[in-house]
Protein chains: 2
Amino acid sequence: MATIYEVAALAGVSPATVSRVFNGNTVSEEKQRLVRDAAQQLGFTPNKTARRLRKQSSEIICLLVPDIENPFFTALARGVEDRAQESGFSVVLCNTDDDPAKELRYLQIAASEHMAGVILSPASDEVDLGAIASLGRPVVAVDRTTPYPVDAVKIDNRAAGIAATTALVEAGFRRIACIAGPAGIEETEDRYLGWKQVVTARKTLVRDGFLQHANFRVDGGRAAMNALLDLVQPPDAVVTTNNLMAIGALQALHEAGIDPEDFGVAVLGELPYLLPPPSSVVQVRLPARHLGRTAATMLLERIGGDTQPLRTVVLRAEIARPPLSL
Amino acid sequence: MATIYEVAALAGVSPATVSRVFNGNTVSEEKQRLVRDAAQQLGFTPNKTARRLRKQSSEIICLLVPDIENPFFTALARGVEDRAQESGFSVVLCNTDDDPAKELRYLQIAASEHMAGVILSPASDEVDLGAIASLGRPVVAVDRTTPYPVDAVKIDNRAAGIAATTALVEAGFRRIACIAGPAGIEETEDRYLGWKQVVTARKTLVRDGFLQHANFRVDGGRAAMNALLDLVQPPDAVVTTNNLMAIGALQALHEAGIDPEDFGVAVLGELPYLLPPPSSVVQVRLPARHLGRTAATMLLERIGGDTQPLRTVVLRAEIARPPLSL
DNA sequence: GTGAAAGCGCTAACAA
DNA sequence: TTGTTAGCGCTTTCAC
């Protein structure tokens with residue numbers, strides 16, 4: 001890898017001029033040509049590490065998600081990536097596994113790697129944004145929020161919960177349960193509050209045990225559904241607050257020999273690749289990709305020096321019924 | 001962010017000693033303690049950018065995949081990530097969209113960012129590994145190979161194709177078609193050669209048009225399946241050479257009103273989250289995660305200075321029939 | 001075992 | 001417009 005000095009020597013100019021050419025600063029036409037020719041000849045590419053050390057910043061965005069195997073987050077990541085590309089930024093995608101220790105480790109890396117900013121879906125309320133914040137690097141929370149004062153992009157979770165539950169009520173179900181995510185995550189709370197609001201207002205039957213907390217994965221949804229089916233008076237429908245738990249719930253129903261057409265299921269999120277989609281499943285589409293794109297846009301604005309007060313952008317989910325055939 | 005100089009000053013030692021402490025070099029017990037205390041007190045984290053500039057290398061692995069939204073590649077990514085973590089390496093995940101230009105751009109970034117090595121699933125045969133190779137950085141091809149002389153980890157694609165097709169023959173199907181990926185990708189060729197070998201040996205009926213090439217996505221599989229169904233004498237079964245195309249094929253069958261139980265479908269790969277799995281679907285499980293883990297292991301060995309001759313590791317796919325309920 | 005000092009490749013004052 | 005020069009924070013000889 002050639003350096004700026006070799007290019008300068010070959011072109012007969014100073015290293016500073018070479019630097020200026022590659023940073024779009026004012027250089028005379030002629031020297032510009034000279035430099036470009038020399039660079040071409042040597043196959044010169046600016047060394048980003050050196051530039052970064054000098055400038056104390058890079059053009060890399062760090063994206064932290066809890067589960068890279070969840071299609072919701074891959075779609076979100078695509079949104080971030082597409083937007084970043086447009087501005088010449090690269091994206092480093094990291095998987096936290098919902099583990100605060102891993103999350104912290106990645107945040108420290110982001111700081112010591114001089115990354116330009118961070119977009120994250122926090123693993124817990126206790127994210128430590130100290131290191132990254134003290135460097136003045138912007139942070140945007142996406143999907144999940146944090147008590148830390150940062151920009152955020154989220155979904156109107158309560159409205160999504162209301163839409164899902166309402167659809168089940170209107171389909172004639174009267175004993176509607178809810179499988180929510182782990183307690184203590186605000187996003188989850190809002191979603192089941194939406195469910196609660198509807199079942200209360202519509203006076204449907206709610207028994208002890210109709211609200212189940214589970215982890216966000218397939219196995220969590222399955223266990224919760226089994227618990228619901230074991231109740232002496234089981235529900236006739238269920239709202240699941242994310243995509244993977246819905247898969248688990250549908251699996252449990254299938255294993256119990258229950259025809260999905262006879263049991264109402266509403267999902268906050270989309271059932272990836274599911275086919276044929278049981279016609280009784282209500283999907284509330286969460287705009288994952290758009291969520292990512294919006295977060296990236298906000299982050300890039302901050303990186304560009306935008307100093308307006310902190311914002312939280314709330315995106316509306318869109319109900320899809322009958323279900324999409326994908 | 002505190003620097004090594006501030007820590008040195010506080011601990012009453014030289015910067016070199018601080019560096020030695022953080023690199024596990026010989027330093028007396030006492031100074032070691034002094035340095036650690038001072039570092040703790042200042043919240044010091046070594047600046048990786050500076051270290052990288054100095055050492056001309058980092059502890060970051062670059063992983064390039066064609067489609068981050070394909071569950072096969074996310075599983076592969078998990079395998080890479082898990083293994084990298086174990087050795088204290090981080091993984092940068094990049095999406096090439098099967099676009100050689102994007103791929104090249106990321107490879108250049110990998111080079112100029114001094115990344116320790118690259119694992120990639122090449123978008124085409126013409127990958128230019130020049131920049132990265134000239135730096136002496138190791139490269140491992142995964143899933144797909146390249147004419148460039150690098151280590152590789154792949155699946156025994158022909159055997160997988162044979163297994164899938166054989167299962168259909170044994171289930172009694174006699175007019176078996178094949179939906180293969182784009183022409184010119186070796187991995188794909190091997191898979192349909194497996195199909196061809198079986199249909200020839202077993203003397204099943206093969207008509208013109210029974211071999212369809214498609215892109216690797218859902219829409220490709222769907223279009224190919226529709227083309228097959230439009231034949232004057234359509235097939236009674238199909239082998240699809242990746243997961244997403246199988247989804248598309250199943251969609252097309254569903255839309256054509258064909259009961260999946262009456263039409264044989266074999267997939268090279270797994271149908272993500274599909275439920276209930278039509279019992280006629282044969283899945284040949286590709287060990288995606290293991291593929292990633294193996295590639296990471298090989299790369300880390302090379303990074304560690306391993307100079308043995310180039311290797312290609314071939315992993316065996318495993319047939320799963322009746323289909324997994326996940 | 002420890003310190004002084006040079007330098008990785010680049011950018012940004014400051015001068016000219 | 002252009003060149004000179006001083007670092008960015010770290011590692012690593014080379015002395016001691």
Side-chain angles (χ1 to χ4, degrees), chain A residues 1-36 38-39 42-60 108-109 111-116 131 134-137, chain B residues 1-36 38-39 42-60 108-109 111-116 131 134-137:
Chain A
M1 292 247 105
T3 76
I4 218 170
Y5 288 94
E6 305 173 46
V7 176
L10 184 59
V13 300
S14 78
T17 300
V18 178
S19 170
R20 286 182 188 115
V21 169
F22 281 89
N23 287 285
N25 293 321
T26 52
V27 173
S28 70
E29 282 285 308
E30 190 198 334
K31 302 222 163 180
Q32 206 154 134
R33 200 179 38 71
L34 249 36
V35 169
R36 292 204 187 283
L42 295 168
F44 168 78
T45 323
N47 182 318
K48 302 237 180 150
T49 304
R51 166 182 292 181
R52 190 190 306 190
L53 177 59
R54 179 61 227 238
K55 308 225 320 185
Q56 303 283 18
S57 99
S58 69
E59 301 198 321
I60 295 185
Q108 280 169 344
I109 290 176
S112 74
E113 292 282 352
H114 296 301
M115 298 196 189
S134 70
L135 288 176
R137 299 264 182 265
Chain B
M1 292 246 106
T3 76
I4 218 171
Y5 288 93
E6 304 173 47
V7 176
L10 184 58
V13 301
S14 78
T17 299
V18 178
S19 169
R20 288 183 186 114
V21 169
F22 280 90
N23 287 286
N25 293 321
T26 51
V27 173
S28 69
E29 282 286 308
E30 190 197 336
K31 302 219 163 179
Q32 206 154 136
R33 199 178 40 69
L34 248 37
V35 168
R36 292 204 187 283
L42 295 168
F44 168 78
T45 322
N47 182 318
K48 303 237 182 158
T49 304
R51 166 182 293 179
R52 190 189 306 189
L53 177 59
R54 177 62 226 238
K55 308 227 315 186
Q56 304 284 15
S57 99
S58 69
E59 301 198 321
I60 296 185
Q108 281 170 343
I109 290 177
S112 73
E113 292 283 351
H114 295 301
M115 298 195 189
S134 70
L135 288 175
R137 301 266 182 262

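Proteins get letters first, then strands, A, B, ... in listed order; numbering begins at 1 in each. The figures here come from the full heavy-atom set of this structure, side chains too, leaving out hydrogens, waters and symmetry mates. What you are looking at is a predicted structure, and each value in this text was computed from that prediction instead of being measured.
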Look up atom [atom1] in [X] and atom [atom2] in [Y], then write down how far apart they are to the nearest 0.5 Å.
{"X": "B/Arg51", "Y": "B/Glu59", "atom1": "CZ", "atom2": "CD", "result": "7.0 Å"}
{"X": "A/Gln56", "Y": "A/Arg54", "atom1": "CD", "atom2": "CZ", "result": "9.0 Å"}
{"X": "B/Glu113", "Y": "A/Asn47", "atom1": "CD", "atom2": "CG", "result": "8.5 Å"}

Angle between terminal axes - the helix from C/dG1-D/dC16 to C/dA16-D/dT1, 5 pairs each end, rounded to 10°:
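Rounded to the nearest 10 degrees, the bend comes out at 40°.
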
I need the minimum non-hydrogen distance between [X] and [Y], along with the two atoms involved.
{"X": "B/Ser58", "Y": "B/Ala116", "answer": "O-CB, 3.1 Å"}
{"X": "B/Phe44", "Y": "B/Ala2", "answer": "CD1-O, 3.2 Å"}
{"X": "B/Pro46", "Y": "A/Ser112", "answer": "O-CB, 3.7 Å"}

Does a nitrogen or oxygen in the side chain of A/Thr3 sit under 4.0 Å from OP1 or OP2 of C/dG9?
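Looking at the OP1 and OP2 atoms of C/dG9, neither is under 4.0 Å from any side-chain N or O of A/Thr3.
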
side-chain N/O B/Thr17 vs C/dG3 OP1/OP2, d < 4.0 Å:
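So the side-chain polar atoms of B/Thr17 do come within 4.0 Å of the phosphate oxygens OP1 or OP2 of C/dG3, strictly under.
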
Find the distance A/Glu6:CD to C/dG9:C1' and express it as a whole number of Å.
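Interatomic distance, CD of A/Glu6 to C1' of C/dG9: 11 Å.
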
Check the distance between C/dG7's P and A/Asn47's CG and give it to me in whole angstrom.
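Rounding to the nearest Å, CG of A/Asn47 and P of C/dG7 are 18 Å apart.
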
Give a yes or no on whether the backbone of B/Ala111 and the side-chain of B/Arg137 come within a donor-acceptor separation of less than 3.5 Å.
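Pair absent, no side-chain N/O of B/Arg137 close to backbone of B/Ala111.
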
Take nucleotides 11-16 of chain C nucleotide by nucleotide from the 5' end and write B, S or -, depending on whether a protein heavy atom sits under 4.0 Å from the base, only from the sugar-phosphate, or from neither.
BBB---

Taking the nucleotide of DNA chain C with the closest heavy atom to each, which residue, B/Gln56 or B/Val13, is nearer the 5' end?
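Mapping each residue to its closest nucleotide by heavy atoms, the 5'-most match is B/Val13.
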
Just to be sure I understand the rule, does A/Lys48 reach a base, reach only the sugar-phosphate, or reach nothing, if contact means heavy atoms closer than 4.0 Å?
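A/Lys48: no heavy atom of the nucleic acid under 4.0 Å.
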
Let me know which of B/Leu10, B/Val27, B/Ile4, B/Val18 forms a side chain to side chain contact (heavy atoms under 4.5 Å, CB included) with B/Val35.
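In the set B/Leu10, B/Val27, B/Ile4, B/Val18, the residue that makes a side chain to side chain contact (heavy atoms under 4.5 Å, CB included) with B/Val35 is B/Val18.
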
Any salt bridge (charged side-chain N to carboxylate O under 4.0 Å, His left out) involving residues 11-30 of chain B? Give me the pairs, sequence neighbours left out, ordered by first then second residue.
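Output for this query is empty, none listed.
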
Under the side-chain hydrogen bond (donor to acceptor under 3.5 Å, both in side chains) test, residues paired with B/Ser57 that sit two or more places apart:
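By the side-chain hydrogen bond (donor to acceptor under 3.5 Å, both in side chains) rule, B/Ser57 matches no residue at all.
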
Using the test side-chain hydrogen bond (donor to acceptor under 3.5 Å, both in side chains), find all partners of A/Thr49 that sit at least two apart in sequence or belong to another chain.
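With neighbours one apart ignored, the set is empty.
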
Under a criterion of less than 4.0 angstrom to any heavy atom of chain A, what are the 5'-terminal and 3'-terminal contacting nucleotides of DNA chain D?
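The protein-touched segment is D/dT1 to D/dG9.
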
